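As structure tokens, the structure follows; a few thoughts come after it.
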Amino acid sequence: QVQLVESGGGLVQAGDSLRLSCTASIRTFSNYAMGWFRQAPGKERERVSAISGRAINRYYADSVKGRFTISRDNAKNTVTLQMNSLKPEDTAVYFCASYSSPDWYGQMAEYWGQGTQVTVSS
């Protein structure tokens, strides 16, 4: 029912920037909070960021706070993650995910994209 497709990953050097994009097939897109997660080899999946349905509330993990910015365009059914000052430890597969309500509080992500690889060299 729900399809999420990520794009924008790639290979960059430490200190560089990347912008990830996620396009959703969800009807009435603004009714759903969205999030970005990442998983590195040998590590647990980590929630990087989240944004509420109308972009009033935002969440950032401590590991990316001040470097990453999440945004959304409800007219285009897209959510983006601007990643600045990238570090080697940011290397991971990044996943877009949707929640079942306009806010993420107390919720787990419901639908997931296939992921896009981000690799940051030293």
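Heads up: numbering here begins at 1 and tracks the sequence. Computed from a predicted structure; not experimentally measured.
Grouping the Ile, Leu, Val, Met, Phe, Trp and Tyr side chains by contacts below 4.5 angstrom, directly or via other members, places Leu11 apart from Val120. Under the 4.5 Å side-chain heavy-atom criterion for Ile, Leu, Val, Met, Phe, Trp and Tyr, Tyr111 and Ile51 are members of the same hydrophobic cluster. Residues Tyr59 and Phe37 share a single hydrophobic cluster, defined by chaining ILVMFWY side chains whose heavy atoms lie under 4.5 Å apart.
Checking side-chain atoms of Thr116 against main-chain N and O of Gly9 turns up a donor-acceptor pair under 3.5 Å. When atom types are taken as modelled, the side chain of Asp103 and the backbone of Tyr105 share no donor-acceptor pair closer than 3.5 angstrom.
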Worked check of side chain to side chain contact (heavy atoms under 4.5 Å, CB included) between Asn77 and Ser25:
CA-CA 7 Å; Asn77 280 28; Ser25 65; over 6 Å; no
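Taken from NZ in Lys87 to OG in Ser63, the straight-line distance is 8.5 Å, to the nearest 0.5 Å. We find the NZ-CD distance between Lys43 and Glu89 to be 8.5 Å, quoted to the nearest 0.5 Å. In this structure, Leu81 CG and Thr69 OG1 are separated by 8.0 Å, a value rounded to the nearest 0.5 Å. In this structure, CD in Gln13 is found 13.0 Å from OG1 in Thr119, a value given to the nearest 0.5 Å. The OG atom of Ser100 sits 5.0 Å away from atom CD of Glu110, with the distance rounded to the nearest 0.5 Å.
Side-chain contact between Asp90 and Arg67 is present, with heavy atoms from C-beta onward closer than 4.5 Å. The shortest side-chain heavy-atom distance between Arg58 and Ser49 does not fall under the 4.5 Å cut-off. Residues Trp104 and Ser52 meet the side-chain proximity criterion, which asks for heavy atoms closer than 4.5 Å. Side-chain contact check for Met34 versus Leu4: some heavy-atom pair is nearer than 4.5 Å. Contact annotation: the side chain of Tyr94 approaches that of Met83 to within less than 4.5 Å [non-hydrogen atoms, C-beta and beyond]. Looking at heavy atoms from C-beta onward, Cys22 lies in side-chain contact with Trp36 at the 4.5 angstrom threshold. Looking at Val79 and Ile70, their side chains come closer than 4.5 Å, going by heavy atoms from C-beta outward. Contact annotation: the side chain of Arg38 never approaches that of Val118 to less than 4.5 Å [non-hydrogen atoms, C-beta and beyond].
The heavy-atom pair separating Ala92 from Ala40 by the smallest distance is CB-N, 3.8 Å. When every heavy atom of Tyr99 is checked against every heavy atom of Gly35, the shortest pair comes out as CE1-N, 4.1 Å. Gln82 and Arg19 get closest at one heavy-atom pair: OE1-NE, 2.7 Å. What you find for Ser71 and Thr80 is that their closest heavy atoms are OG-OG1, 2.6 Å. In terms of heavy atoms, Gly113 sits closest to Phe95 at O-CD2, 3.6 Å. Heavy-atom minimum distance, Glu6 versus Cys96: OE2-N, 2.8 Å.
Judged by a 6.0 Å distance limit and a 45° cone about the ring axis, Arg72 is positioned over the six-membered ring of Phe29.
Residues Lys65 and Asp62 are paired through a salt bridge, judged by an N-O separation under 4.0 Å between the basic side chain and the carboxylate.
The side chain to side chain contact (heavy atoms under 4.5 Å, CB included) test with Phe68 is passed by exactly one of Leu86, Leu18, Leu20, Asn84: Leu86.
Within 6.0 Å of atom CD in Gln3, 12 or fewer heavy atoms from other residues, nucleotides or ligands are found, so the atom counts as exposed in its surroundings.
Between the side chains of Thr78 and Thr23, no donor-acceptor pair is found at a separation under 3.5 Å.
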